[in-house]
S.K.: 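Quick one: the structure is below, and I'll ask about it shortly.
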Amino acid sequence: MIRVVFVDPDGRSRQAEGTEGTRLLDLAQADGHPLEGTCNGDMACATCHVVIAAEDFARMPAAREEEEDLLDLVPAASRTSRLACQVRLTAALDGLTVRLP
Ligand code: FES
């Protein structure tokens, strides 16, 4: 299992576990976090915006250009922002910390 620590907007954190290939969006929703994902991965909404912990960001696979373009439109985006619908769990991401804005 691949462990991910989600940090809610109020600062509370909780660890979830997912399998290889699971989308970060699906793991967060299955664990009860308030992450919308309105377009369900069509990259049309950015309601799945999350912020990866800075110390973990180097382990992330690179975002595609379409994801970068959509993140540019998110006012609260930061240098380590990603769209949770575009990130799939791999063993290399075990222990990832993800903040939900
Ligand atoms: Fe809409 Fe990710 S769910 S962009």
Side-chain angles (χ1 to χ4, degrees):
M1 294 298 261
I2 299 162
R3 297 164 297 145
V4 176
V5 175
F6 290 106
V7 182
D8 280 337
D10 61 9
R12 280 183 296 185
S13 63
R14 192 165 70 221
Q15 181 174 289
E17 292 186 347
T19 54
E20 183 118 13
T22 300
R23 295 186 310 174
L24 201 50
L25 173 63
D26 297 326
L27 183 64
Q29 290 180 336
D31 199 46
H33 296 282
L35 195 59
E36 284 187 33
T38 304
C39 78
N40 196 28
D42 287 341
M43 278 203 284
C45 71
T47 59
C48 64
H49 167 231
V50 295
V51 179
I52 308 298
E55 62 271 25
D56 292 332
F57 196 69
R59 294 196 280 146
M60 299 293 293
R64 290 188 297 148
E65 192 173 336
E66 296 94 323
E67 182 182 351
E68 297 279 8
D69 289 347
L70 190 51
L71 282 168
D72 283 344
L73 303 176
V74 177
S78 75
R79 190 179 56 79
T80 62
S81 287
R82 292 298 300 264
L83 297 178
C85 67
Q86 300 301 309
V87 177
R88 290 194 181 271
L89 297 183
T90 65
L93 297 182
D94 185 45
L96 193 69
T97 296
V98 177
R99 187 168 59 79
L100 308 173

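Worth knowing before you read on, the calculation uses all heavy atoms, side chains too, and leaves out hydrogens, waters and symmetry mates. Atoms within a ligand are numbered from 1 in the order they appear, just like the ligands themselves.
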S.K.: Judged by atom type as modelled, is there a donor-acceptor pair below 3.5 Å linking the side chain of D31 to the main-chain atoms of A16?
M.R.: no

S.K.: Restricting to non-hydrogen atoms, name the atom on H49 and the atom on S81 that form the minimum distance, rounded to 0.1 Å.
M.R.: NE2-OG, 2.7 Å

S.K.: Is the backbone of G37 close enough, under 3.5 Å, to the side chain of T47 for a donor and an acceptor to pair up by distance?
M.R.: yes

S.K.: Check whether V50 and V7 end up in the same hydrophobic cluster, where Ile, Leu, Val, Met, Phe, Trp and Tyr are linked by side-chain heavy atoms less than 4.5 Å apart.
M.R.: no

S.K.: For the side chain to side chain donor-acceptor pair (under 3.5 Å) test, which of E67, R64, E66, R23 pairs with Q86?
M.R.: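 For Q86, the side chain to side chain donor-acceptor pair (under 3.5 Å) check succeeds only for R64.
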
S.K.: Quick one: does any side-chain atom of D94 pair with a main-chain N or O of I2 as donor and acceptor, under 3.5 Å?
M.R.: no

S.K.: Is any protein N, O or S atom closer than 2.8 Å to atom 2 (Fe) of ligand 1, and if so, which?
M.R.: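 Checking every protein N, O and S atom gives C48 SG, C85 SG.
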
